[in-house]
Amino acid sequence: MHACESDEAKGRATLKILGYGQAIKGEYNCSDKPTFGAVGAGIIQDVLLHMAKENEQYLSELCNEAGCFKETHIVEFVFLLSEKWNLSQSARYQAIEIFERFMLTMTEDFSNSTTAKVEDSDWSSVKRQIKGRFMLYLVSSIQLASKLSFHYRIVNNNMVLKFLNSLGFCYTTEEVLESELAILKALHFQINVPAPFAYVEMLLEVLGYNGYLFPTKELYGMCRHLLGLTYLLRKSIYDTLLKASIQNTSPSELQRAQFVSVKEDLMLLAVGVIGGSSFLLNPESWNQVMEYLSDTTSISLQSITEIVYAILKHSVGSAVDDY
């Protein structure tokens, strides 16, 4: 209980630092607002189907350790540094996904190269052995993600070196380049990986196209803030969702392992964030939005309701208990 409270307190404090503290009430100052309604119906449908298939394929290939490099302190670091460097919202989440996939690849390669069996590998030991370049790889992931959003701002080597030097690290330009190349090679140069922000934006586009009357740009602003909170409070939120789904407060290790695919489901996360944002902004039309999200994604109303409740419970507290 105390651990969850600590995570939530830390998450809210971080969001205040990032300027997200006024997410629940007030104006939204979005520096990278999208333009909705500019894309034709055929393209919207094709893209949504492609993203759904991409999500399903990703879930089918998950390893049991998926998500272990999305810990609160890592997410917090990426958010704060991305804010410092004025990166786009999409770049922040792609940086987390790039880093997660690279670190999982590294640890898998490490496990395969040892004589010990994989099940006997100690993950804390693995992390200690790669700790020497942990920070460099994390910053390089942010740098690579910035290059995918080149129309905003690209993080160059001088910015990386200056930042790392301020933390007491003494890396060279060559080492920074080698770090980027190591990530690219490990991921087979496939760094434009699916990220939750893209799923949120696409579903909002569908809502807008189909005549959803709520001001979509306002909803977009709330989704940005709630998605950030969800990532920072990820552990607490998904622990609540797991216990609700199995109707048991003491999940077994097997149940936790089977739940990994739920924690990594980007479509489920997107509908949860949109559903929660809709409830906060306009509770009267919330049921209509939930039904439409369910029809669009084929995710059951019960599943959407459970994740919305978990997100709101840990982001805004007991105010949602009566809804």
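When reading the values below, keep in mind they use all heavy atoms of this one structure, side chains included, and skip hydrogens, waters and symmetry mates.
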Calculate, to the nearest 0.5 Å, the distance between atoms CG and CG belonging to L59 and N55 respectively.
4.5 Å
Does a side chain donor of either N248 or Q255 reach within less than 3.5 Å of an acceptor in the other side chain?
no
Residue pair L164 / M135: nearest heavy atoms and the distance that separates them
CD2-CG, 3.8 Å
Less than 4.5 Å apart, any side-chain heavy atom of L280 and any of S277?
no
So do F77 and T72 actually touch side chain to side chain, heavy atoms under 4.5 Å?
no
Can a cation-pi geometry be assigned to R101 and F69, taking NZ or CZ under 6.0 Å from the six-membered ring centre and within 45° of the ring axis?
no
Residue that, paired with Y231, satisfies ring-ring contact (aromatic ring centres under 6.0 Å, His included) out of Y93, F197, Y238:
Y93
Taking G275's backbone N and O only, do any of them form a donor-acceptor pair with W286's side chain (distance below 3.5 Å, no angle check)?
yes
Is F169 close to L161 at the side-chain level, that is, under 4.5 Å between some pair of heavy atoms?
no
With a 4.5 Å cut-off on side-chain heavy atoms, are L241 and F259 touching?
yes
So which atom in A66 and which in L104 form the shortest heavy-atom distance, rounded to 0.1 Å?
CA-CD1, 3.9 Å
Nearest non-hydrogen partners of G272 and V308, listed with the distance
O-CG2, 3.6 Å
dist I307:CD1 -> T230:OG1 (nearest 0.5 Å) comes out at 7.5 Å
With clusters defined by side-chain heavy atoms of hydrophobic residues (ILVMFWY) lying less than 4.5 Å apart, directly or transitively, does Y199 cluster with I43?
yes
Is there a donor-acceptor pair closer than 3.5 Å between any side-chain N or O of S179 and the backbone N or O of S140?
no
Cluster question for you: counting only ILVMFWY and a side-chain heavy-atom cut-off of under 4.5 Å, with indirect links fine, are L49 and L207 together?
no
If I compare all heavy atoms of S294 with all of I299, which pair ends up nearest, and what's the gap?
OG-O, 2.7 Å
Distance-only, no hydrogens or angles: does the E264 side chain make a donor-acceptor pair with backbone N or O of L62 under 3.5 Å?
no
Is there a donor-acceptor pair closer than 3.5 Å between any side-chain N or O of E175 and the backbone N or O of T172?
yes
Apply side chain to side chain contact (heavy atoms under 4.5 Å, CB included) to the pair L204 and V200, showing each step before the final yes or no.
CA-CA 6 Å; L204 286 177; V200 170; 4.0 Å; yes
Atom pair CG (L227) and CD (E201), whose distance is rounded to the nearest 0.5 Å
10.0 Å
Carefully, step by step, assess E205 and L48 under the rule side chain to side chain contact (heavy atoms under 4.5 Å, CB included).
CA-CA 10 Å; E205 180 70 50; L48 185 61; over 6 Å; no
Is the CD atom of E253 crowded by more than 12 outside heavy atoms at less than 6.0 Å?
no
Taking salt bridge (charged side-chain N to carboxylate O under 4.0 Å, His left out) as the criterion, tell me which of E65, E76, E97 meets it with K70.
E97
Nearest heavy-atom neighbours spanning S315 and L226:
OG-CD1, 3.6 Å
Is a salt bridge present between K235 and E71, judged by a nitrogen-to-oxygen distance below 4.0 Å?
no
CD1/I191 to CG/L148 distance, rounded to the nearest 0.5 angstrom?
4.5 Å
Can you measure from CD1 (I246) to CZ (R256) and round to the nearest 0.5 angstrom?
8.0 Å
Presence of salt bridge, E180 and K185, under 4.0 angstrom:
no
Kindly determine whether N64 and V260 satisfy side chain to side chain contact (heavy atoms under 4.5 Å, CB included), including the steps that lead there.
CA-CA 7 Å; N64 291 334; V260 170; 5.5 Å; no
Side chain to side chain contact (heavy atoms under 4.5 Å, CB included) between L203 and T297: does it pass, once the steps are laid out?
CA-CA 9 Å; L203 286 175; T297 62; 3.9 Å; yes
V176 and side chain to side chain contact (heavy atoms under 4.5 Å, CB included): which partner among L181, V160, N158, N156?
V160
Return the CG to CZ distance between L81 and R92, rounded to the nearest 0.5 Å.
10.0 Å
Is it true that F279 and Y309 have ring centroids separated by less than 6.0 Å?
no
Charged N to carboxylate O below 4.0 Å: is that the case for D239 and R234?
no
ring-ring contact (aromatic ring centres under 6.0 Å, His included) between Y171 and F163, worked out
CA-CA 11 Å; Y171 291 112; F163 174 75; over 10 Å; no
Candidate pair F102 and Y137, rule ring-ring contact (aromatic ring centres under 6.0 Å, His included), full reasoning:
CA-CA 9 Å; F102 170 68; Y137 289 139; 4.8 Å; yes
Scanning both residues in full, the closest heavy-atom pair of E218 with L281 reads O-CD1, 3.9 Å
